[in-house]
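So the structure is just underneath, and the comments pick up after that.
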2 protein chains.
Amino acid sequence: MPSNGDAPVTAYDRLASSIRKQILSGELRPGHRLPTELALSTHYQVSRNTAREAIRALAGQGLLVVKRGVAGGTFVASPTTAQVSESLMSGLALLTDSADLSVSVLMEIREMLEVPAAELAARNRTDEELGAIHESLFDPGRIDPTRVFVNNRDFHTGVLRATHNPLLEVLAEPVFRVLKERFLRERASADFWVRVDAEHREIVGYLDDRDQAGAREASRAHLRYLRSVYEKIDRIQG
Amino acid sequence: MPSNGDAPVTAYDRLASSIRKQILSGELRPGHRLPTELALSTHYQVSRNTAREAIRALAGQGLLVVKRGVAGGTFVASPTTAQVSESLMSGLALLTDSADLSVSVLMEIREMLEVPAAELAARNRTDEELGAIHESLFDPGRIDPTRVFVNNRDFHTGVLRATHNPLLEVLAEPVFRVLKERFLRERASADFWVRVDAEHREIVGYLDDRDQAGAREASRAHLRYLRSVYEKIDRIQG
DNA sequence: ATCGATTTGTGCGTATGTATC
DNA sequence: TGATACATACGCACAAATCGA
């Protein structure tokens, strides 16, 4: 039974914890250059290899970036929102695999985030962002099965981006993607996509008019429909 | 200028990407034991050291856990919600440091998550969870500056836990902690804590009665107050 | 443009921890 | 309980990349 929530017992773990603490406390700020591997290893009385493993672990956490060459070195990372979002996505993916994130739990979060998101997007969208959202709509007469996933995601991302709250994208995207991966791999019918597109178009209409209440309620209805579909799939496939 | 969004060029990076892909595609499921370092290194034609660094990077991402000894090895992780939450927290901490997560953006997310959370908690709380929340209240007559932070956090966590939506804790805790770290390091007055405690008590009253609407609105008012305080601090300290 | 100094990347060998017999 | 086998942890040496003089 693999499980490891222990305190640091290995050398690289101690070193990683030490550096991590300094970063999170603000002692080391983004862009700061750490000592070289040699300097770290001598200072902490470990081999260079051990220091490297600690650095690698923190780089995996997105806290450090490494550049080689004479002007290279190890730097405290300035992560992008996309990187943080990606990291959250992989964490949630594993949680849904191993533990028990039910459809209900995931959809509850989507409702909390995306209903207000639609409202915010109606208020804050630029014309350019609105155009990008329009681009993501399907041609309801001819559903293209190769484009439908990317269109669906583009719509979703477009609305989140139009809120002008970057954190919303960081948090909501992973939840959206995890649900999609879990329930929409193949088994969606054409009818499903036709209805999704129709509801997207309704939401877009409210975004056009900057109708915040309309966008909010249309988004709520859309998510209610998605919940019913996902829960039905969930009952079938376990 | 440190920045690195490159494609994998180093050997350990290639190996890490390869394994990461297998994990996220579901090919390797949580609990699965990977080949030994020696087997990995021979199979991928790299040294054991390189394989180790790839493993370390993925372990940092929370995708792998490593156990030593004869029955040890490298396993696909079964992360806990707390680990995913911690990882998100460090990501958000760096984002607030380097980039620009404004108070408004952070508080907007808190409102989206915590207002519905209070409503859910009023509906789903057990008596035991309610007891834990009561424990977190201050003694408003005697504010203990050493306990006030942990009490405040316990209240917050207690409400999230009482929603019975584990994802809520994963997402909301990091936002809460980042705001706290950034704005409440020292500069909160006793008056502030007295008012916070009073508003907590009001929310708890609604949780006692399972009054969902009451809890929701009290939470909304509480967050509105916090927003005003944080924004004021933000204007002062830049 | 080449050389050289500095830094990380990679390879191999040994030490140590851990479950089993 | 002690030996043993096998896994990861650690240490040293060399290769490769990068940038400036």
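Note on naming: letters A, B, ... go to the chains in the order of the sequence lines (proteins, then strands), and numbering restarts at 1 for each one.
Nucleotide C/dT14 holds its P atom 13 Å from the CZ atom of B/R48, rounded to whole Å. Atoms CG (B/D13) and P (D/dA17) sit 15 Å apart, rounded to a whole Å. Going from atom CZ of A/R68 over to atom C1' of D/dA17 covers 5 Å, rounded to whole Å. Taking atom CD1 of B/I55 as the reference point, atom P of D/dA9 lies 9 Å away to the nearest angstrom. Remark: P of D/dT8 and CG of B/L34 are 10 Å apart, rounded to the nearest angstrom. Distance, B/K67 NZ to C/dG17 C1': 12 Å, rounded to whole Å. Residue B/L64 contributes atom CG, which lies 12 Å from atom P of D/dA9 at whole-angstrom precision.
In the set D/dC10, C/dG9, C/dT10, the nucleotide with an atom closest to the side chain of B/E53 is C/dT10. The side chain of A/E37 sits closest to C/dT8 out of C/dG17, C/dT10, C/dT8. When the nucleotides D/dT18, C/dA19, D/dG11 are ranked by their closest atom to the side chain of A/N49, D/dG11 comes out on top. Closest approach to the B/T10 side chain among D/dA16, C/dT10, C/dA19 is made by C/dT10 (side chain taken as heavy atoms from C-beta onward).
Proximity of A/R33 to the phosphate of C/dT7: a side-chain N or O atom is located under 4.0 Å from OP1 or OP2. At D/dC10, none of the side-chain N or O atoms of A/Y12 fall inside 4.0 Å of OP1 or OP2 (strictly under the cut-off). A sub-4.0 Å separation between OP1 or OP2 of D/dA9 and a side-chain N or O of B/R56 is present. Under 4.0 angstrom from either OP1 or OP2 of C/dG9 there lies no side-chain N or O belonging to B/T50. Close to C/dG11, at under 4.0 Å from its OP1 or OP2, lies a side-chain N or O of B/S47.
A donor-acceptor pair shorter than 3.5 Å can be found between the side chains of B/T157 and B/E173.
When each of A/T50, A/N49, A/I55 is tested with A/E53 by the rule side chain to side chain contact (heavy atoms under 4.5 Å, CB included), just one qualifies, namely A/N49.
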Query raised in the report: Does the pair A/E27 and A/H32 meet the rule for a side-chain hydrogen bond (donor to acceptor under 3.5 Å, both in side chains), with working shown?
Result: CA-CA 10 Å; A/E27 201 172 330; A/H32 183 97; over 6 Å; no
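Position along DNA chain D of the nearest nucleotide to B/G73 versus A/Q45 favours B/G73 as the more 5'-ward residue. Positionally, the nearest nucleotide of DNA chain D for A/A11 lies more toward the 5' end than for the other of A/A11 and A/G69.
Annotation: cation-pi geometry satisfied between B/R56 and A/Y12 (NZ/CZ under 6.0 angstrom from ring centroid, within 45° of ring axis).
You'll find the side chain of B/R110 reaches within 4.5 Å of the side chain of B/L226, heavy atoms only.
The base of C/dG11 has none of its N or O atoms less than 3.5 Å from a complementary donor or acceptor on the side chain of B/R52.
Within 4.0 Å of A/T74, counting heavy atoms only, lie sugar-phosphate atoms of the nucleic acid but no base atom.
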